[in-house]
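All values below were derived from every heavy atom in this structure, side-chain atoms included, with hydrogens, water molecules and symmetry-related copies excluded. Chain letters run A, B, ... following the sequence lines, proteins first, then strands; residues in each count from 1.
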Amino acid sequence: MIEHNLLEPDMITEDGDFVINIGPQHPSTHGVLHLKVWLDGETVKKVEPHLGYIHRSIEKMCESLSYRQYIFSTSRMDYLSAHINNQACALAVEMGLGVEVPDRAKVIRTILAELTRLASHALWWGCMGLDLGAVTPFFYAFREREFINDIMEETCGARLTQNFIVPGGLMADIHPNFVPKTKELIKMFRANIDEYNQLLTGNVIFQQRTQNVGFLSKEAAISYGTSGPVARASGVSCDVRKHYPYDAYDRVQFKEILGTTGDSWERYVIRIDEMRESLSIIEQLIDNIPEGDIVAKTKQVIKLPKGEFYSRVETARGELGVLLVSDGGSTPYRVKFRSPNFSNLSALGHIAKGSKIGDLVAMMATLDLVIPDVDR
Amino acid sequence: MNAEELKQEILAFHPSVVFDEGGQFVNANIDAADVLTLLTELRNRPAFDFDYMFCLTCVDYKTHFTMFYHLRSLTHRHEMVVKAKIADVNAPAVDTVSHIWRTADFMEREVYDLFGVKFFRHPDLRRIFLDENWPGYPLRKNYEDPNMIEL
Amino acid sequence: MGLGSYISTVFSSVKSLLSGMKLTGYYFTHHKEIVTQQYPENKREGALILPERFRGEVTMPHDENNEHRCTGCQSCELSCPNGSIKIITKQEVQPDGKKKKAIDTWVYHLDMCTFCNLCIEACPTQAIVMGQEFEHSVFDKKKLKKILNKPDSKLKAGVE
Amino acid sequence: MITLSEIAHNIHVKLSGAITNETLLSITEMAIVGIILLGSLVMLSFFLGYMERKVAAFMQIRLGPNRVGPKGSLQIVADTVKLLFKEGLTPNASDKFLFNTAPYIMVITTMLVIAPIAYSSGFQIWDTSIGVLYVSSVSSVSVIGILMAGWSSNNKYSLLGAMRCGAQIVSYELSIGLSLIAIVVLTGSLRMSDIVMSQADGWWIFKGHIPVLIAFVIFIIASTAEINRAPFDLAEAESELTAGFHTEYSGMKFAMFLLAEYINLFIVCAMGATLFLGGWMPLHFGADNAFNHAMDYIPGFVWFFGKTFFLIFVIMWFRWTFPRLRIDQLLNLEWKYLLPISMINILLVTIIAIFGWHF
């Protein structure tokens, strides 16, 4: 019998404990996360997340939307990887329909997804600095992020919630400026990652703050169902792009970066390295966008056959799964979004036990939580 | 293990499992009363070693509820789905698996919150998104919200 | 901890701090790197250029004869995920005596719109397009309910 | 050339002509000095606020305030007016007396500390013989204000922030004191004017070899911690404790904390400039040469404020570059690094002073 139970006894909490509520309005919870924290002086005894402040029941909403419409609502879940969310939804519908997406659409989707990942990681980097008390990184990160948003705006028409994907392909072709601007971005971003390292990664205060705190062991990472950079920092090979390639990921070469220790520092470094990998993925694809259609022919009213369809993508935060249960009608019978943040957040209580309150903030930053994705 | 081997292995120790034809994953149907024994075996037998639960949810089929357990083995890289049928629609309940996979803790709380499925022996079964005294369970098909506006 | 490593720790720490200060110092002295723009001045100066695909609001272009392309088929209304479009149709008597469905008012609830572009995708006659206007703030919410077809406008001839 | 001390002297002569009573004369002069001091401190904190915003903006590749007044210079005035009009909220369950007193204690202590600082040759409010001791002892009273604010707010964040601040200031007092003693040992006097005059043939930072340089660096680090500025702003720690000890303050009471913070910033930098960089003393090398005479043409207060604002800029530079330390690291830095180093350093400085090895 293997011992799987990671339920360690919580540190004993008493009535007289110093309990503080971090959030729902707090500068470092990035939204409306509410953490109830039991403290012993500065040391965290127990963390209990209270969720639901931005619960909109997107899953229920999707039950009344058609297969074309439900895609847009998922942009509002993980708004920092809106494009990737849309991609997951479209993949589920395409799987049900059995349509083959044209090559051109696949490649463009992949490039846009990687741009989204870059933008998301850039924002995360800025916020990471902000949470640790350095304000300046935030502005440097936004410089790059704005550039990516401008590229998105030109092609998709929107900066954040693009909704550029339709079942079977894309809404429109790319803008003529897309390719040159993306190339410019690659050049600029590479140089700026060095700046990131100079300002924050190399800084001794930053290293002291993140190293050797917030350990998440490999077993715990698996058991808590974490995914994305959080799990990879603990050495769990879980990149969906690698293991279950979708769209054009099977035609690019990239490394899945794995950590060993699983502390806050490792989670930080992995995201920085992932930015470089994303740049290399874009670089491989940007010159090889095949000619052809951008959308496969589908009926105006899409009806999926009866059954369950599960699609998954790697968002900037981990594995997003979309479970579509269809009863043969024109709207989904039940939609379940397996959001990466929900599982990652569940590990926070485990990670934060026994750390200092300042490190709790750093850990939340390295988990890269987006609360609308947790609550849905 | 490929899909056929998985089915054979599971049937060898748990003959009551019924497999769906086709589908994306290996779909094992089982009654909710037996699901904990099946899942424990799937986790513990080294041949299966389903150590990663990537999705846990519930579907309201009006006549019954079905719990969906999406499992993956990170060592063997195989996946399967266990569907547990809960026949009792008035007081649905199933055993918790949160002691096997810690991620199930939050996911079961979510299902309890939105579907009203009770989980026996769950360490901390409270509503996760909604208020404790919210009337009804929103993701059930018969849920009616008086404030909802039909567009 | 030996004295040597103690001292080298101190020096490498100071060096890492100074390299960060070098970067901020560089930006402090190089004002050309400033990326922020002045709004609304940048509109006058022409620095604010919205791309042609920018989704600001749904508009219905009318030509010089006050004619639009909307047939009142309600595809957009059906495709809208959050009900921000309401189309009221009327029966119009054609010159040949036949009755035909035509548009009466095209009601657009800007306050509910998420700019998802699905209505424009769905429109079979390209009657509606996304406009560039993005300054939608008003003091009265009622002003966000807009009627897109102009008074006395007609369907352009030849659009089916 | 008219110097500030001559102006002060002329005013004194005029006043003593008008008022013959000795006591009344000094009371009048005190009132004048007090009013000038208050006004100039408010102006100073306005300027520092503006400077901080602009420095931050340029380091963060943005433009900073630029709407109110020329280049946004009146923005801080507008903000102050806004704060004046805001409601000064007192939480219901707070200790109202302590809550309302704390900001005044903060401001009063900082204003007291300003007294012995020498702005220019002979231009000083109070040239006391214990100048350095006075500054270091009175400035540590401000921790009481912070503890009062944190305790009385009846807010857990405030309490945590205040406790952090108490631990921090008590620790860093030590190394700030030791680095001040280094200069006192070298000059042999606690009097501010003596310290400045001792640097007539070169500033201590140049004359005192490496030990004084180390003392200077420790002074800058410790004083940054002393005045609760990033990277040592644990008492406020926006991302952890929302606003730390002044979470519950609003309106003018909040502005007082801000005022105290900026005046404190000015004071520690003025102390650093006086002790290590020669105060109002122009840049001199050696005893009597052409370079020294050329430097003498720049008035003393320009030297003083130039040096002070240079140090202020450096501390602002720190703030907008570094992330914050954790509380245990903060105390580690003091007790494991700064304090041992400054203790050895004081030994070296004493040896230098005894043997007269400094230039």
Q) For D:Leu325, is it the side chain, the backbone, both, or neither that has a heavy atom closer than 4.5 Å to a heavy atom of chain A? A) both
Q: Answer yes or no: does atom CZ of A:Phe18 have more than 12 heavy-atom neighbours from other residues, nucleotides or ligands under 6.0 Å?
A: yes
Q) Do the non-hydrogen side-chain atoms of D:Phe322 and A:Val204 ever get within less than 4.5 Å of each other? A) no
Q) Can you pull out the residues in residues 137-150 of chain A with any heavy atom less than 4.5 Å from chain D? A) A:Phe139, A:Tyr140, A:Arg143
Q. Is there a salt bridge (charged side-chain N to carboxylate O under 4.0 Å, His left out) between D:Arg326 and A:Glu42 once you walk through the steps?
A. CA-CA 10 Å; D:Arg326 210 197 305 145; A:Glu42 287 260 345; over 6 Å; no
**Q.** More than 12 heavy atoms from other groups under 6.0 Å of CD on A:Gln211
**A.** yes
Q | chain D contact via A:Ile22 - side chain, backbone, both or neither, heavy atoms under 4.5 Å | A | both
Q: Starting at CD1 of A:Ile20, measure out to CG of D:Leu159 and round the result to the nearest 0.5 Å.
A: 10.5 Å
Q.
Less than 4.5 Å to any heavy atom of chain D: does that hold for the side chain of A:Val213, its backbone, both, or neither?
A. side chain
**Q.** For chain A, which residues of residues 68-80 of chain D have heavy atoms nearer than 4.5 angstrom
**A.** none
Q. So with a 6.0 Å cut-off around NZ of D:Lys336, is the heavy-atom count from everything else above 12?
A. no
Q) For atom CE of D:Met343, is the number of surrounding heavy atoms from other residues, nucleotides or ligands below 6.0 Å larger than 12? A) no
**Q.** Least distance between heavy atoms, A:Pro27 atom then D:Thr242 atom
**A.** CD-CG2, 3.6 Å
Q) How about A:Lys187: does its NZ atom have over 12 heavy atoms from other parts shown lying under 6.0 Å from it? A) no
(Q) To check you understand the geometry: which heavy-atom pair defines the closest contact between A:Thr136 and D:Gln60, and what is its length? (A) OG1-NE2, 3.5 Å
Q: Count the heavy atoms belonging to other residues, nucleotides or ligands that lie under 6.0 Å from CH2 of D:Trp151, then report whether that count exceeds 12.
A: no
Q: List the atom of D:Thr321, the atom of A:Ala134, and the distance in Å for their closest heavy-atom pair.
A: O-CB, 4.2 Å
**Q.** A:Val135 portion near chain D, given a 4.5 angstrom heavy-atom threshold
**A.** both
Q. Any side-chain heavy atom of A:Ile357 sitting closer than 4.5 Å to one from D:Arg164?
A. yes
